[in-house]
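Working notes for the structure below.
Any value given below was found using the heavy atoms of this structure, including those in side chains, with hydrogens, waters and symmetry copies removed. In each ligand, atom 1 is the first atom listed, and ligand 1 is the first ligand listed.
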Amino acid sequence: MNILILGGGGREHALAWAVLQNPKCDKLIVAPGNAGIAQIADCADIDVLNAGVVVEFAAENAIDFVIIGPEAPLAAGVADALRDAGVLCFGPSAAAAQLEASKAFTKEICDACGAPTAAWARFTDAAAAKAYVVAQGAPIVVKADGLAAGKGVVVAMTEAEALDAVDDMFGGAFGAAGAEVVIEAFMAGEEASFFVLSDGVNVLPIGTAQDHKQVGEGDTGPNTGGMGAYSPAPILSDAIAADALTRIVQPTVDEMGRRGTPFQGVLYAGLMIENGEPRLVEYNVRFGDPECQVLMMRLGAQALDLMLACAEGRLDQMTVNWADDHALTVVMAAQGYPAGYEKGSVIKGLDGCGEDSSHMVFHAGTAERDGAIVAAGGRVLNVTARGAHLAEARDRAYGMVDRIDWPEGFCRRDIGWRAL
Ligand code: GLY
């Protein structure tokens, strides 16, 4: 089968790596891809946010199955256009992608289906939002309603911080995403991610992970897209995962079906766990990045079978075959990230990393220049390893990090510290 993956980060490199291990894949194209992906698949520089362009490209290249990596093409209706054109596709419709594209929409769904989450209110003007902050007090959470590339959430520990966040959001700091603001009660506990496939009716959990959002060791400093992740998440025990599936994810999928907008794809539930009770923080409608890298490392070739079954509405016939293993990924970022950083520095030593089924360097933001791999983004490499236990996965990942010669890059040295 001919497969097209949309996206060009570490998540898509990991998806491509897993898909290529499955003999069902005859040909793989990734659009736009990156320098690492180009070493294992064809890359095509097309506008993945333009549904018409993607449909035409799929027809021209006899694509049988499209896997959509990032949220933006999903919110732009690319999955809808592909399905309308008769192309099998993994990823939700634009209507179902509202579960990530609108925080208020998700909260309404939670209220409608009784899924446990924080108390909330929505606002379209700053004065009313500020009055609510003052009435509720801090700590409190202020969120831009729309897609803000992971940056539109402020967990305010003081009232002043919350009031500033309201001003920033209504002042345009997140563009149109901040035209509406959701304010939520602060939830204490430990956060973990739960990944569940849904074909619109059936649900199938495919793994758990935890990431490190802050740039500094000990989880300090500004937030990033994620500086590392590991799977499984020890805090998400089988019992808590089963509870989250029964009380949060399945009711959400049922509610989306009742509304005539079934959710088909991967639902990435951010959960806050306190005293053994999970509550929903947020949904994403795609794999996490870098969480996908550790999930793919553990799932391997079966990831394609699972995504196909999801797209074909037969998840009830599938099981996930887990090895009793662990995976960990360390993000190497350009010096300065998440603030300003330089592009174009040369990365050496990648050949010495000894890639195999337990060791992979997934490329997140790289390009090829005169035969060399150069940094082309903030998060640049995802150095990923698998082991019989988390400490082994960690040691293998940092062993690879130490072989990479890139003075203009940095990483956290404590990925997995909470679980270890
Ligand atoms: N690592 C967080 C995310 O993918 O949203």
> Does Gly226 come within less than 4.0 Å of ligand 1, judged by its heavy atoms?
Replying inline: no
> Among protein heavy atoms, which lies nearest atom 5 (O) of ligand 1, and at what distance?
Replying inline: Arg286 NH2, 3.0 Å
> atom 2 (C) of ligand 1: which protein heavy atom is closest, and how many Å away?
Replying inline: Tyr268 OH, 3.4 Å
> Taking distance alone, with no angle check, do Lys213 and ligand 1 share an N/O pair under 3.5 Å?
Replying inline: no
> Backbone or side chain, does any N or O of Gly225 fall under 3.5 Å from an N or O of ligand 1?
Replying inline: yes
Enumerated ligand 1 atoms positioned under 4.0 Å from heavy atoms of [X]:
| X | result |
| --- | --- |
| Gly288 | 4 (O) |
| Glu291 | 1 (N), 2 (C), 4 (O) |
| Asp211 | 1 (N), 2 (C) |

> Any idea how Phe362 and His13 line up, ring-wise: parallel (<30°), tilted (30 to 60°), or perpendicular (>60°)?
Replying inline: perpendicular
>> Taking Gly378's backbone N and O only, do any of them form a donor-acceptor pair with Tyr341's side chain (distance below 3.5 Å, no angle check)?
In response: yes
> Can you check whether Gly226's main-chain N or O pairs, donor with acceptor, with Arg379's side chain at less than 3.5 Å?
Replying inline: yes
> Between the side chains of Asp305 and Asn22, does any donor sit under 3.5 Å from an acceptor?
Replying inline: yes
>> Check this for me, if you would: do Glu12 and Arg286 make a salt bridge, where the nitrogen-to-carboxylate-oxygen distance has to be below 4.0 angstrom?
In response: no
> So, are Lys143 and Glu282 salt-bridged, with charged N and O less than 4.0 Å apart?
Replying inline: no
